[in-house]
Amino acid sequence: MAVDVASHYRSAADLAARATQPGMDGLKGSQILAIAGEVRELRAQGKAIHNLTIGDFDPRYFPIPDALRDRIKDELDAGQTNYPPAVGVPELRAAVVALYERELGLTFPIDSVLAGSGARPPIYATFATIVAEGDTVVYPVPSWNVSYYVYLNRGRGVPIVTQPETGFMPTAAQLAPHLSTARLLVINSPQNPSGTVITEEVLGELCDAILAENARRRELGERPLMLLYDAVYWQLTFAGARHLTPIGLRPAMAPYTVMVDAISKWWAATGLRVGWCVAPPWVRAKMQALVGHMGAWPARAEQLATAALLQDPSLLGDYLDHFKRQVQQRLELLQRGIEDMARDGLPIRCLSVAGAIYLSVQLDLVGRTAPDGTPLPDDEAVRKWILHTAGVAYVPFTCFDYPGGSGWIRLSVGSVSMADVEATLASLRAALTPFTG
Ligand SMILES: Cc1ncc(COP(=O)(O)O)c(C=O)c1O
């Protein structure tokens, strides 16, 4: 008879509070996934929900490039199924170098490139390599998941509360009080959740502050302040917004910058797990050892297929043109619809479309009472009321460590059709009309 393992777990339930090390007690799962679970449950009950929550793509609207899919199959058929080198196959590393040379005018040495299974392993490895226990990590909020990486590495997180006026990006003035103690600054542009893009002025000022601080530290032989530049959405900029890199703006930033990238977002390939970073070779070497011990490299066939596509600019260009147009149309339709509502006096507004697959929207409902008598004391009450009344699911900025009560939320268009966007706008308008003021 088979051993009933579950019964042995049940009889040892008292170990639950003791078996894992105490440093893990405060590690939380993703709040966004919890909201996604709620959406699934409501749909299972037969409710129509417009799901603008997740930072992922519905392959019906946003498939990966055909050539990528075909090439992965070919590589598998050709027997490319064994371990790749921990640093990444040479073809992928060379293709990344060629990509940045072509698109960004930056020539990286090949030994600065490290592959990872998506952007997360290079991000995690950056923290683990740079941040010692108690080291200060400065990052803007709202931000995607940075607080978890700070926690996992026992850093001291200094979240900087950003404002819509600066596109939810931090300024050099906000960074200044933390400069002398900071070990790592984390910037993401185009940014999740705000859908905004850092400007040349702001990025230039941040780089200058880092360079000045590091000139001082170098004199003293101190460890430098590093910048983690998360650029996973870099190909997705719209309406005149331009993607900039720290090294492109200030080449002297090269020894202090780890830039992270992946096919996850700009080829709608979140499930394929191909990412990489470029880092100073001495940092890359340590990161490589960590990624290698975790086995967190992309599958060999996917690396080779990605390399082949990255080396084919015309094929890539056609895919990206179409893909970007689809994203942009949805975002712009949302923006126009929300601006119409704002003009009609409804308590909603949004920032302009700029990048990624997100739109920053503000609902001015916190502290009010819904027409059905439901009190709306905080962002979570508003989220639940909109979900149940309008059938619109979104993620509040509070899930990205932004302070409560602001009313700012993230709308994601990766899983919706244009018809869904129209329907979302109509539902929001119906729910918000009673609040017209
Ligand atoms: C800003 C940002 N960085 C990194 C990632 C992780 O990307 P990957 O799925 O390639 O690990 C995400 C995913 O949502 C993201 O939004």
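We count ligands from 1, going down the list as the structure has it; atoms in each ligand are counted the same way. Residue numbers run from 1 in the order of the sequence given. As a basis for the values below, the full set of heavy atoms in this structure was taken, side chains included, without hydrogen atoms, waters or symmetry mates.
- Residues with a heavy atom under 4.0 Å from ligand 1: G118, A119, R120, I123, W144, N188, N192, D230, V232, Y233, A262, S264, K265, R273.
- Side-chain contact between P190 and T196 is absent, with no heavy atoms from C-beta onward closer than 4.5 Å.
- With contacts defined as side-chain heavy-atom distances shorter than 4.5 Å, the pair W267/I64 does not qualify.
- Sorted by first and then second residue, the side chain to side chain donor-acceptor pair (under 3.5 Å) pairs involving residues 300-310 (not counting sequence neighbours) are Q80-R300.
- Heavy-atom contacts from other residues, nucleotides or ligands closer than 6.0 Å to CZ of R242 number 12 or fewer.
- Using a 30° and 60° split on the angle between ring planes, Y149 and W144 fall in the tilted class, from 30° to 60°.
- Proximity of a side-chain donor or acceptor of D58 to a complementary backbone N or O of R60 within less than 3.5 Å is detected.
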